[in-house]
Structures are given as structure tokens and as C-alpha cells.
Amino acid sequence: MTQLKDTIFIDGKAIGFTEGQTIMDAALSAQVYIPHLCHYPGLTPSGNCRLCVVEADGRMVAACTTAAREGQQVSNNTAELSAARKAITQMLFVEGNHICPSCEKSGNCKLQAMGYYLGMLEEHYPQFNPHRALDASHPDIFLDRGRCILCGLCVRSSHDVDKKNVFAIAGRGADARLIVNTVSGKLGDSNLDVGDLAANICPVGAIMFKEHGYVTPIGERIYDRQKISDVALNEHVLEQKGDKAR
Ligand code: SF4
Ligand code: FES
């Protein structure tokens, strides 16, 4: 097979890319979905969630942080990768308090949608049931750390887009936790605003608006109607048009 310049092959399909693009960038630009939770169009990738694991030239790598290279052979749809992604999703579920039937984010939650996408039928691992502080000090927004998956999207969007630096992740590994960059550590003492990207980007129910419960009925929410893959590909198109990630 002739290898085209600036072309990678994802599951055998030739996909053009431009200098500086990651495997994720190239895939989404070609409307090829690679599962992801901490990637967001227009934000610097972080490699936090590992959902985007692919096999590139024989190595398991994160598609969102690995540069596309000419002639690269990438596997995205294999039984082994699906099993790895499902195990990661199951771990994310048990590490936090993701009780979908009682969560206002249900139907709009990317973690829940990922579970459906990957055919996850049970959590498999024992529940951690963590006790983490809930911060309701902000007049319009609350932060439920028990549902935080440490994707870092609020951190990066607040820093890079909103230019406020409201959030940070402190500690590493099992000690990692989301903190608020105020002297008190309280969200109510920050300048987070409901219009900020950081207030709207959380993929799970950890950053939520107060007094807006069940405005859209269950069954009519984003992922009740569309697969996470279709939503993600559409998000990428919107970002390319300049409609997302201001
Ligand atoms: Fe990600 Fe939400 Fe946790 Fe922020 S609060 S790190 S956006 S899960
Ligand atoms: Fe690549 Fe999260 S999307 S590590």
C-alpha cells in the first residue's frame, strides 16, 4: 500500500492530517469517533481520562495527546480496546457517587452516555462510596466533588478560555482532588459566573446550576436522543466553525 504524506490509517481508513494535529484531531476532523471524556474541542488536551486509548504502530497510547505521524497505523475498534475502555468507565463509576436515577445530570451526562455506548451493564468493581465535600456557597452554582471524575475540563476552560483560573487539581494519584482557587477554598468566593465555559463544561453532575432541576424532562435530554459519538462529532464540527469553546 502506498503511504500518502500527512496521512494516518485508522482501522485501515486513510485520513489526512496537518502538522501539529493529534490522532484525536485527525480522527474527529474525518468524522471518525474515538471515545473520550476529557478531550474538548478547542481546549489543550490533558490525557486525564485515558478513554481515548488506541493502538498506534503497536503501542497503546492516548489519542488526544499523541501526535499524528505520517503513515501511522492506528487501531480504534478492537475487542481489546473496547474492553479497556469499558474497564476505565467502570472504574470511573465506582470511584465517585454516580447514582444516575437520582442525578439531575442523567441524560446529559457523558459518563452515563459512555457507559451506554460501551455496552456497560454493571459496575463490576466494588463501590468506593467516597465522602467528599459538597460546596454550595456560590449563589447560582454548586460543586459536588463526589461526582467529579477529575477530567480537568473546568480547570482548563477556566484558565484558557474564561481567563479566571477558578479551579485546580491538587495532589496526585489517589490523593488527587478538585480545589477552588480562593483563600477560603469556597466557590462562593470565586468570580465564577454562570456564563463561563467552566460552569457549563462538566461532563458529569459535579458542577451544576442551582434552581434549574428537571427543566428538560428525563427522556428528552441530549443523550436520551443521541449517541455520545454523534454528539461528539457534531461538537467538533461546531468548534471548527467557531461556535464552541470561545
Ligand atoms: Fe471534570 Fe467536572 Fe470534575 Fe471539573 S468538576 S474536573 S469538569 S468532572
Ligand atoms: Fe484522551 Fe481523556 S480524551 S485521555
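As the structure lists them, so they are numbered: ligands from 1, and atoms in each ligand from 1.
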In short, T65 meets S46 closest at the heavy-atom pair CG2-C, 4.0 Å

Query raised in the report: With a 4.5 Å limit on heavy-atom distance, are the side chains of H98 and Q112 in contact?
Result: no

Checking heavy atoms under 4.0 Å, the part of N48 that sits near ligand 2 is backbone

Logged contact type for L178 with ligand 1, heavy-atom cut-off 4.0 Å, is side chain

G47 heavy atoms within 4.0 Å reach ligand 2 at atoms 4 (S)

Rounding to 0.5 Å, atoms NZ (K110) and OH (Y223) come to a distance of 4.5 Å

Counting from 1 in the order shown, the ligand 2 atoms closer than 4.0 Å to a non-hydrogen atom of C49 are 2 (Fe), 3 (S), 4 (S)

The closest protein heavy-atom partner of atom 1 (Fe) of ligand 1 is C151 SG, 2.3 Å

Could you tell me whether any N, O or S atom belonging to H39 is less than 2.8 Å from atom 1 (Fe) of ligand 2? no

Requested in this report: Please check if the side chain of K105 supplies one atom and the backbone of M208 the other of a donor-acceptor pair under 3.5 Å.
Outcome: no

**Item:** L118 and L51, any side-chain heavy atoms less than 4.5 Å apart
**Value:** yes

Would you mind reporting whether K227 and Y33 have side-chain heavy atoms less than 4.5 Å apart? no

If you scan protein heavy atoms around atom 4 (Fe) of ligand 1, the nearest is C154 SG, 2.3 Å

At atom 1 (Fe) of ligand 2, SG of C64 and SG of C52 open up to roughly (10° bins) 110°

Quick note on ligand 1: atoms under 4.0 Å from a heavy atom of I207 include exactly 5 (S)

One finds that the ligand 2 atoms under 4.0 Å from a non-hydrogen atom of H36 are 3 (S)

Any heavy atom of C38 under 4.0 Å from ligand 1? The part involved is neither

closest protein heavy atom to atom 4 (S) of ligand 2 is R50 N, 3.1 Å

Within 4.0 Å of some non-hydrogen atom of G152, the atoms of ligand 1 are 1 (Fe), 6 (S)

Connected via hydrophobic side-chain network under 4.5 Å: V155 and V161: no

Does some side-chain heavy atom of D140 sit less than 4.5 Å from a side-chain heavy atom of L192? no

Worksheet item: Salt bridge between R221 and E104, side-chain N to carboxylate O under 4.0 Å?
Response: yes

Here the atoms of ligand 1 under 4.0 Å from any heavy atom belonging to V204 are 8 (S)

C148 heavy atoms within 4.0 Å reach ligand 1 at atoms 3 (Fe), 5 (S), 6 (S), 8 (S)

Pairwise side-chain contact, L92 with V204, heavy-atom cut-off 4.5 Å (strictly under):
no

Checklist entry - Out of curiosity, does L28 fall in the hydrophobic cluster containing V53 (side-chain heavy atoms, cut-off under 4.5 Å, transitive links)? => result no

**Message:** So, 2.8 Å as the limit: is an N/O/S atom of C202 located closer than that to atom 4 (Fe) of ligand 1?
**Reply:** no

Among non-hydrogen protein atoms, atom 8 (S) of ligand 1 lies closest to I149 N, 3.4 Å

